[in-house]
Amino acid sequence: MPAFTEAFTDTHDFKTQLSDSAQAAFVAEGFDAAAGRVNASDRPDLADFQCNGALAVAKAAKANPREVAGKIVSHFTDDARLSKLEIAGPGFLNFTLSDDALSARANVLAGDARLGAPKVAQQRKIIIDFGGPNVAKPMHVGHLRTAVIGESLKRILRFLGDEVMGDAHFGDWGYQMGLLIVAVSDEQPDLPYFDADFTGDYPTDAPVSLDDLERLYPLASNKGKADEAYRDRAKKATRELQQGRKGYRALWQHFVTVSRTALIRDYGALSVEFDWWKGESDADPFIEGMIADLKAKGLLEPDQGAQIVRVAKPDDKKDVPPLLVVSSEGSSMYGTTDLATIVQRKTEYQPDLTLYIVDQRQSDHFEQVFRAAYLAGYAHEGQLEHAANGTVNGTDGKPFKTRDGGTLKLHDLISQAEEKATARLHEAGLGEGLSEAAFADTAHKVAIAALKFAELSNHRLTNYIFDLDRFMSFEGKTGPYLLYQAVRMKSILRKAVDQGVAAGVITVGEVAERELVLLLDGFDNALKETYLKRAPNILADHVYKLAQGFSKFYAACPVLVGDDAGVKASRLALVRLTLRQLELGLDLMGLSAPEQM
RNA sequence: GCACCCAUAGCUCAGCUGGAUAGAGCGUUGCCCUCCGAAGGCAAAGGUCAGAGGUUCGAAUCCUCUUGGGUGCGCCA
């Protein structure tokens, strides 16, 4: 199995270019190449890029950092990319790009179908596991997190060249299924599903609606906690379901189908798409063989009536409990299905990497499962990764609740956001010329952008506060701001067509133009960082800054208003380039901009 | 009890493998539509980066401790 370095290719941004040159210079002077790392400047008033390597290297070499910096500078004489290279303070290298270099870069980007995005050096097969929503539990705001972050990561990894499969990984196989079976049998005992001697065909229509499931699940769950006899019945039903009792399987199939319909609706509204709608139950056929294999490898041992795999290591700082593979009831646990799913994926897909986009509260669980998988040889060390996310809290800092104390269903949240967006559109007197369908589409895009961008702009581990009013304000650093800038650009492009102005060669002159091109150039690095850290907030930040950079440019540099045809053509080309990168960035976040808003 | 995560402006959050004057948005106070869409732009005020030590030429960032939050710890997922 190859070791993957997560390196990139097709990368031509200035940060990389200058780093390459600076590294060569440091090496030529007998220093470590790592010192040549060039970053965007902390002081944009002084320079575009900086390198701090001279300070780092000087100490070991017992040299004066400014002298070291001087030696590096000598390697850049007559570098056409730079208009200025200065040594500042204790030994910072300050690079300022020439307008010509920026113009050239802008024109390259304008001709690049990938808008400056890099590619992975080595393609991998990656599964993104969305840590599935559960059957019968309605999606709530907490599910936004995983869905939105996972979808964005999926799109980004795929765009950079990996083969990526998103798997919903439905929670459809545990104790909760037993609970539901018992709950339905109590309410509708005459259904054929419960008659063990029934030999006919089971009804094709579901005996329960989505509302029934959402009502029954919490009811049964609470009963199971309070009533031991009830719990035992549910456990028995769970085991019988897993062992293949026909009536239970048929009833269970209805649960899954009914739930999945609602999930498809909600995920669809969020533009979250799965390549696989698999669930825990799909791993079931692999469990028997896996258990035999674990036994053969001497990893499985009986303990307190259950079958476990010990995964603790001698140097553990904490107690890592064993993974429970078979419960004392004889049924599979979520650890069982998670491990069996790894076996299944290895058998059916051979992924190089599996990313679990799941709440950080499950980190111990994944640690156990991953260790067991590594021990059993179902995956190689490092191929399983828990890209944890934080929890969503309300304005009181506690897990999000509505004002009346209930949980807000995702479906209702989306509806509220759409209503708000609709109201805002009417208020601004916009979209009146649009057809009803186009208007609704715009309102939907605005609403989704608000929700998703709010998710994506936080780091995935942040336990952030979900404040509906703030998210719906549509002003400042929000999704609608991004869409608004895109719409402004589209408006310019439409006007340009009317006026017969065509895009031409980009020539950078004004400060706002320089800054915009520097931002466009930064797309490459933003994508790399996002990829390496599995952190879409880095991309979100880039896209926001790009939109902001455009808005400043828009205010400072009229595109279609002047007399100079060359300037018009250049600025128009810059607008078009910016729009293309903005829309690509939006798409990688799972968003899209309307024509008008 | 043990372990993990977190603490940055009034509020919500960024801050890359340590580097110059810690950044956004909201809110507050001023400006800016006879000019491509004001869901916008410009400017100002606002921070002992929880506290204390340590490493370092240099720390919000790395290490230790303290305080204060959150989370998890074999038969629910």
Side-chain angles (χ1 to χ4, degrees), chain A residues 34 37 39-43 45-46 50 52 55-56 58-59 65 88-92 94 131-132 134 137 171 173-176 179 221 224-225 234-235 238 280 303-306 308 316-324 326-329 331 333-335 337-338 359-365 367-368 388 390-391 393 395 397-398 424-425 427-428 430 446 454 457-459 461-465 467 470 473-478 480-481 483-485 487-489 491-492 494-496 499 525 529 532-533 537-538 540-541 544-545 548 551-552 554-556 558-561 571 575 596-597:
Chain A
R37 186 164 47 91
N39 287 320
S41 179
D42 288 337
R43 295 286 304 272
D45 53 321
L46 300 180
Q50 65 180 339
N52 307 330
L55 286 87
K59 191 195 167 193
F92 300 109
N94 279 342
N134 291 321
K137 288 190 200 169
W173 205 232
Y175 170 64
Q176 55 185 339
L179 281 171
S221 177
K225 280 174 202 158
K235 282 184 177 172
T238 306
E280 294 170 345
D303 187 81
Q304 297 171 39
I308 62 167
D316 280 338
K317 280 200 259 177
K318 57 175 172 181
D319 285 341
V320 181
L323 184 77
L324 229 123
V326 183
S327 80
S328 52
E329 302 285 325
S331 53
M333 312 291 296
Y334 72 134
T337 48
D338 278 355
D359 196 299
Q360 61 182 339
R361 285 175 290 189
Q362 292 196 39
S363 61
D364 286 353
H365 166 68
E367 181 68 38
Q368 291 170 262
T391 48
N393 294 327
T395 44
K398 293 177 182 164
R424 187 73 180 83
L425 283 167
E427 190 183 304
L430 293 171
V446 169
S457 56
N458 289 332
H459 183 88
L461 272 172
T462 302
N463 298 325
Y464 81 102
I465 293 183
D467 181 348
R470 190 161 56 81
S473 73
F474 300 167
E475 276 161 26
K477 189 174 180 179
T478 63
Y481 174 91
L483 303 193
Y484 180 65
Q485 301 312 331
V487 163
R488 282 168 129 187
M489 293 180 218
S491 176
I492 289 177
R494 279 195 302 268
K495 284 202 165 62
Q499 297 177 15
N525 192 245
E529 293 290 326
L532 292 172
K533 291 178 180 157
N537 68 300
I538 296 169
D541 191 55
Y544 174 67
K545 284 194 173 126
Q548 210 177 26
S551 197
K552 289 180 184 187
Y554 183 85
V559 177
L560 300 173
V561 179
R571 289 182 178 168
V575 171
Q596 300 173 41
M597 64 183 274

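Fair warning: this is a prediction, and the values are worked out from it, not measured in the lab. Chain naming here is simple, since letters A, B, ... match the order of the sequence lines and numbering starts at 1 in each.
- Comparing the P positions of B:G10 and B:G46 gives an interatomic distance of 11 Å, to the nearest angstrom.
- Under the side chain to side chain donor-acceptor pair (under 3.5 Å) criterion, A:Glu475 pairs with no residue, sequence neighbours left out.
- Remark: A:Phe92 engages no residue in a ring-ring contact (aromatic ring centres under 6.0 Å, His included) (not counting sequence neighbours).
- With sequence neighbours excluded, no residue forms a ring-ring contact (aromatic ring centres under 6.0 Å, His included) with A:Tyr484.
- Every residue two or more places apart in sequence or in another chain that forms a side chain to side chain contact (heavy atoms under 4.5 Å, CB included) with A:Asn39 is listed here: A:Lys15, A:Arg37.
- Under 3.5 Å, the side chain of A:Asn94 and the base of B:A20 form at least one donor-acceptor pair of N or O atoms.
- Under the 4.5 Å side-chain criterion, counting only non-hydrogen atoms from C-beta, A:Ile492 is not in contact with A:Arg571.
- For A:Asp359 and B:G70, the CG to C1' distance is 12 Å, given to the nearest whole Å.
- Comparing the P positions of B:G27 and B:A7 gives an interatomic distance of 25 Å, to the nearest angstrom.
- Closest non-hydrogen pair, A:Ala88 versus A:Asn94, comes out as CB-ND2, 3.4 Å.
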After noting the C-alpha distance and the side-chain angles of A:Gln596 and A:Leu425, does the key distance pass the side-chain contact (heavy atoms from CB on, under 4.5 Å) rule? CA-CA 10 Å; A:Gln596 300 173 41; A:Leu425 283 167; over 6 Å; no

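- Atom-to-atom, CD of A:Glu329 to C1' of B:C76 comes out at 13 Å; the value is rounded to the nearest Å.
- Between A:Ser221 and A:Gln176, the closest side-chain pair of non-hydrogen atoms is not below 4.5 Å.
- Between B:C31 and B:G69, the distance separating the two C1' atoms is 42 Å to the nearest Å.
- Within the nucleic acid shown, A:Ser363 has no heavy atom closer than 4.0 Å to any nucleic acid atom.
- Spacing between B:U17 and B:C5 at atom P, rounded to whole Å, works out to 15 Å.
- The CZ-C1' distance, from A:Arg494 to B:C36, rounds to 12 Å in whole Å.
- Residue-level contact check: A:Ala496 touches neither bases nor backbone, having no heavy atom under 4.0 Å from any strand.
- Nucleic acid contact class of A:Gln548 (heavy atoms, under 4.0 Å, all strands): sugar-phosphate only.
- Around NZ of A:Lys545, the count of heavy atoms belonging to other residues, nucleotides or ligands within 6.0 Å does not exceed 12.
- A straight line from CD of A:Gln360 to P of B:C73 spans 13 Å, rounded to a whole angstrom.
- Within 4.0 Å (heavy atoms only), A:Leu46 reaches at least one base atom of the nucleic acid.
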What protein N or O atoms touch nucleotides 12-19 of chain B N or O atoms at under 3.5 angstrom, if any, and at what distances?
unit_1	atom_1	unit_2	atom_2	d
B:U12	O2'	A:Arg470	NH1	3.3
B:U12	O2'	A:Arg470	NH2	2.6
B:C13	OP1	A:Ile465	N	2.6
B:C13	O3'	A:Asn458	OD1	3.2
B:C13	O2'	A:Asn458	OD1	3.2
B:A14	OP1	A:His459	N	2.9
B:A14	OP1	A:Thr462	OG1	2.2
B:U17	N3	A:Arg37	NE	2.8
B:U17	N3	A:Arg37	NH1	3.2
B:U17	O4	A:Arg37	NE	3.3
B:U17	O4	A:Arg37	NH1	2.7
B:G19	O6	A:Ala56	N	3.3

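- For B:G41, one of the phosphate oxygens OP1 or OP2 lies less than 4.0 angstrom from a side-chain nitrogen or oxygen of A:Tyr481.
- Whole-Å rounding puts the A:Gln368 CD to B:G74 C1' distance at 7 Å.
- The residue among A:Gly89 and A:Ile308 whose nearest nucleotide of RNA chain B lies closer to the 5′ end is A:Gly89.
- Nucleotides B:G47 and B:C2, compared at atom C1', are 36 Å apart to the nearest Å.
- Separating the P atom of B:C4 from that of B:C65 is a span of 10 Å, rounded to the nearest Å.
- Regarding the sugar-base torsion, B:C33 falls in the syn class, its angle being within 90° of 0.
- Of the candidates B:A38, B:A39, B:A77, B:A77 carries the atom nearest the A:Met333 side chain, counting heavy atoms from C-beta on.
- Distance A:Glu475 CD to B:A39 P: 8 Å, rounded to the nearest Å.
- If you check distances only, the side chain of A:Tyr484 never reaches the base of B:A39 with a donor-acceptor pair under 3.5 Å.
- Using a 4.5 Å heavy-atom threshold, the side chains of A:Asn463 and A:Thr391 count as touching.
- At a threshold of 4.0 angstrom between heavy atoms, the contacts of A:Lys545 with the nucleic acid are absent.
- Using a 90° window around 0 for the glycosidic torsion, B:G74 falls inside it and is classed as syn.
- Between A:Arg361 and B:A77 there is no side-chain N or O to OP1 or OP2 distance below 4.0 Å.
- To the nearest whole angstrom, the two C1' atoms, one in B:U64 and one in B:G70, are 22 Å apart.
- RNA chain B is contacted by both A:Lys552 and A:Pro480; A:Pro480 maps to the nucleotide lying nearer its 5′ end (nearest heavy atom per residue).
- Base engagement by A:Asp45 is indicated by at least one non-hydrogen atom pair under 4.0 Å involving a base atom.
- For B:C36 and B:A50, the P atoms lie 47 Å apart once the distance is rounded to whole Å.
- Looking at heavy-atom distances under 4.0 Å, A:Val326 makes no contact with the nucleic acid at all.
- In this structure, the side chains of A:Glu329 and A:Thr238 stay at 4.5 Å or more apart for every pair of heavy atoms.
- Among the heavy atoms of the strands lying under 4.0 Å from A:Tyr554 is at least one base atom, whether or not backbone atoms are also near.
- Side-chain to base pairing of A:Ser328 with B:C75: one donor and one acceptor N or O lie within less than 3.5 Å of each other.
- Residue A:Tyr175 contributes atom OH, which lies 11 Å from atom C1' of B:C75 at whole-angstrom precision.
- Base engagement by A:Leu425 is indicated by at least one non-hydrogen atom pair under 4.0 Å involving a base atom.
- Ring geometry, A:Tyr481 versus A:Tyr544: the interplanar angle falls from 30° to 60°, so the pair is classed tilted.
- In RNA chain B, runs of at least 3 consecutive Watson-Crick or G-U pairs, each pair with both distances below 3.5 Å, span B:1-5 with B:69-73, B:10-13 with B:23-26, B:28-32 with B:40-44, B:50-54 with B:62-66.
- You'll find the side chain of A:Arg424 stays beyond 4.5 Å of the side chain of A:Val446, heavy atoms only.
- Put simply, CZ on A:Arg571 is 13 Å from C1' on B:C35, counting in whole angstrom units.
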